Amino acid sequence: MLLSLNIKNISLIRSIDLDFSDSFNLITGETGSGKSILLDTIAFCLGSKNTRINNNQITEKGAVSLEFDISNNKKVKEILSESDIEAEDNIIIRRSVTSSKSQVYINDSPVSTNLLKNISEYLIESYRQNDFTGLLDRKNHIEILDQYSSLSKEKAALLGIFKELKDLKSQIEENISQANEREKEKDFLQYAINELEKFNPEEGEETRLFDRKQKLSNQNKILEILDSANKSLESLQITRSLLQIQKSLNKLSSHLGEEKISSLLSSIENSIIETDKIENEVNNLVEEISSEENNLDEVEERLFTLREFSRKYNTSCDGLLNLITEFKQKLSNIKNSNESLKVLQKKEKEVEKNYLELAEKISAKRKQSAEKLGHEVSDELPILNMKGAKFQVDINEKENKFCSNGFDEVIFKVSTNPGQAFAELAKVASGGETSRVMLALKISLSDIKSSACLIFDEIDAGIGGATADLVGERIKRLSKNQQIICITHSPQMAAKADSHILVSKITAKDEAEITAKKLTKKESDEEIARMIAGVDVTKEARAAAVRLKR
């Protein structure tokens, strides 16, 4: 509910400060006095660009402030909470503007115009003169019917199922579209696993192969050294010389005695054994190294292949072992993808079933409410001086059954004359008729209390007399459950208001200023008399104003 409006230095307004009733608020004034400017400032403050107010009109700093009671407005509180803005029962929205920039605040916290647009539809519902786009657009008809049908809980549940279904369909579509790519990857992975497992890389193998290669690369030099040592041993004939010495000493044993030379003979015997051992070890080493000569090519080929695999699969030589494990896991995932697809498709069928069951219940409730709403609006139309007019709500099944709000398409139709075929509201109703159909709809929805302020800008345009009086009565009834702000030129409607605001344009010294004030009961009577009589207010007009109020 809108509590107050404060305007400073906007367009032709220097200063306006207004409070509003929680029921039927009326704004009157002569043609061109600036009544619609008040509505423009409200829309401007709430971030709308569809107003006649722009920065070029601002010569000094201007501002518009709106105070709202949101104590029963859960949606606005929810949006503000999500934006980390503290709000209790009241909020003040303020838009300050200069010729170059503007800034918006909620309870003194700066906010974006996008946030304002998000909450504005829950604060103000506006119907400007000859602009009933929302009512004429069939996309909005289902929302109006659902509001009448009290389907908010069912629709929230259906939306949750729809989102789940949409997510499942997206997953399935992605799964299927990637099937060919997965098959290609499957072939590659299987080939790579076979190739690497056949090669059988070992941890630390690169270092070992490199060291082995270095050793084998030096074997010719080693063999030359061992051969030279072997030749030296052969050329020295150490064993032969020792044997000759041993033979000579044995001849002396008969002259010197065996005891004296036994120690020497033992040393020579040991020397012969050690010399043979040296010769054997050198020969064995030569044979061993010579036998490894052919292994160098194998080592080099193995090392080359190991490093080639490392480059091919973009990993380290030691990383090839982990790569085999990784490829096996990917291959397993791919092999399981068909099973995953089957699981998703099974889940999709379950969710589709849940969706259709709930959508059927919602559709049945809509059809029941559509008939009732059609009768109620049709009953209101004669009261609003549309005798013989009938209203009808058509419900058709969409070709695509799976939508966020169900599979129904709702179309409002009207027959404005007896015997005339029903046709879409946008195609047959005039501006005045459309406004009255909209009012009849609002009256039918009047038992559903709304926290938004409903604004009518000359809804009575093109009607007068008894019809205007009837429209005023219906708006008065509507205001019992919803705050209404209405601009009118009709004295019949003005007489029904709970709060009366007069807008005036004052011109002095080639300058114009728009002012607005809340009228007392006496001032309201005088204004209604002016609306009846025109420039010269007569006693008869004043008496007529009093009678209208009665």
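Treat the numbers as computed from the prediction; the structure is a model and nothing was measured. The first residue in the sequence is number 1, and the count goes up from there.
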Within this structure, what is the CE-NE2 distance for the pair Met531 and His489, rounded to the nearest 0.5 Å? 7.5 Å
N-O pairing of Lys476 and Glu473 below 4.0 Å: no
Tested for salt bridge (Lys or Arg N to Asp or Glu O under 4.0 Å) against Glu348, the lone hit among Lys342, Lys166, Lys169 is Lys169
Test item: Gln483 side-chain N/O and Leu2 main-chain N/O as donor-acceptor pair under 3.5 Å: yes
Indicate the atoms forming the closest heavy-atom contact of Asp19 with Ser4, along with that distance. OD1-CB, 3.5 Å
Please examine the side chains of Ile528 and His500, heavy atoms only from C-beta on, and report whether any two atoms are closer than 4.5 Å. yes
Would you say Ser479 and Asp498 make side-chain contact, with heavy atoms under 4.5 Å? yes
Flag, side chain of Arg95 to backbone of Phe44, donor-acceptor distance under 3.5 Å: yes
Is there a side-chain contact between Asn107 and Leu80, using heavy atoms and a 4.5 Å cut-off? no
Whether the side chain of Ser499 engages the backbone of Phe20 through a donor-acceptor N/O pair (distance < 3.5 Å, no angle test) should be reported. no
Taking all non-hydrogen atoms of both residues, which atom of Ala494 and which atom of Leu26 are closest, and how far apart? CA-CD2, 2.9 Å
Chi angles and distances behind the side chain to side chain contact (heavy atoms under 4.5 Å, CB included) call for Gln171, Lys347: CA-CA 11 Å; Gln171 290 181 54; Lys347 180 66 174 176; over 6 Å; no
Any chance CD of Glu523 has more than 12 other-residue heavy atoms, nucleotides or ligands included, within less than 6.0 Å? yes
Side chain proximity check, Leu18 to Leu38, heavy atoms < 4.5 angstrom: yes
For a quick test of reading the model, state the closest non-hydrogen atom pair linking Asn118 to Ile79 and the distance between them. O-CD1, 3.6 Å
Is the side chain of Ser404 donor-acceptor paired with the backbone N or O of Leu159 at a distance under 3.5 Å, no angle test? no
Pairing of Asp457 and Lys35 as salt bridge, 4.0 angstrom limit: no
Polar side-chain atom of Glu30 near backbone of Ser504 as donor-acceptor pair, under 3.5 Å: no
Between Glu380 and Arg477 (salt bridge meaning N to carboxylate O under 4.0 Å), is one present in this structure? yes
Partners meeting ring-ring contact (aromatic ring centres under 6.0 Å, His included) with Tyr355 (sequence neighbours left out): Phe402
Determine the minimum heavy-atom distance between Leu12 and Lys505, stating which atoms define it. CD1-CE, 4.3 Å
So that I can tick it off, tell me whether Glu350 and Lys353 are bridged by a salt bridge, with the cut-off set at under 4.0 angstrom between side-chain N and carboxylate O. no
Salt bridge Glu397-Lys401, side-chain N to carboxylate O under 4.0 Å: yes
Restricting to salt bridge (charged side-chain N to carboxylate O under 4.0 Å, His left out), what partner residues turn up for Glu409, sequence neighbours left out? Arg138
Pairing of Glu154 and Arg366 as salt bridge, 4.0 angstrom limit: no
Say whether, by atom type as modelled, one donor and one acceptor occur between the side chain of Asn25 and the main chain of Ile484 under 3.5 angstrom. yes
Using every non-hydrogen atom in the two residues, find where Ile532 and Ala544 come nearest and quote the distance to one decimal. CD1-CB, 3.8 Å
Side chains of Asn90 and Glu67, donor plus acceptor under 3.5 Å: yes
Restricting to non-hydrogen atoms, name the atom on Ser444 and the atom on Leu373 that form the minimum distance, rounded to 0.1 Å. CB-CD1, 3.7 Å
Test your reading of the model: is there a side-chain donor-acceptor pair from Ser120 to the backbone of Lys117, 3.5 Å cut-off? yes
Using a strict 4.0 Å threshold on nitrogen-to-oxygen distance, state whether Asp167 and Lys163 make a salt bridge. no
Indicate yes or no: at least one non-hydrogen side-chain atom of Lys361 is less than 4.5 angstrom from one of Lys365. no
Does any N or O in the side chain of Lys496 come within less than 3.5 Å of the main-chain N or O of Gln492, such that one atom is a donor and the other an acceptor? yes
Do Ser21 side-chain atoms and Ser23 backbone N/O form a donor-acceptor pair below 3.5 Å? yes
Any salt bridge linking Lys155 with Glu143? Criterion: basic side-chain nitrogen under 4.0 Å from a carboxylate oxygen. yes
Take atom CD of Gln345 as the centre, draw a 6.0 Å sphere, and report whether it contains more than 12 heavy atoms from other residues, nucleotides or ligands. yes
Sub-4.5 Å side-chain heavy-atom contact between Gln392 and Ser415: no
Sub-4.5 Å side-chain heavy-atom contact between Lys75 and Glu78: yes
Does Ile485 reach the side chain of Ile124, with side-chain heavy atoms less than 4.5 Å apart? no
Report yes or no: does His141 contribute a side-chain atom to a donor-acceptor pair with the main-chain N or O of Phe412 at less than 3.5 Å? yes
Under the criterion side chain to side chain contact (heavy atoms under 4.5 Å, CB included), I'd like the reasoning laid out for Lys372 against Gln368: C-alpha separation, chi angles, the key distance, then a yes or no. CA-CA 7 Å; Lys372 184 180 177 184; Gln368 185 178 11; over 6 Å; no
Are Lys77 and Asp89 within salt-bridge range, i.e. N to O under 4.0 Å? yes
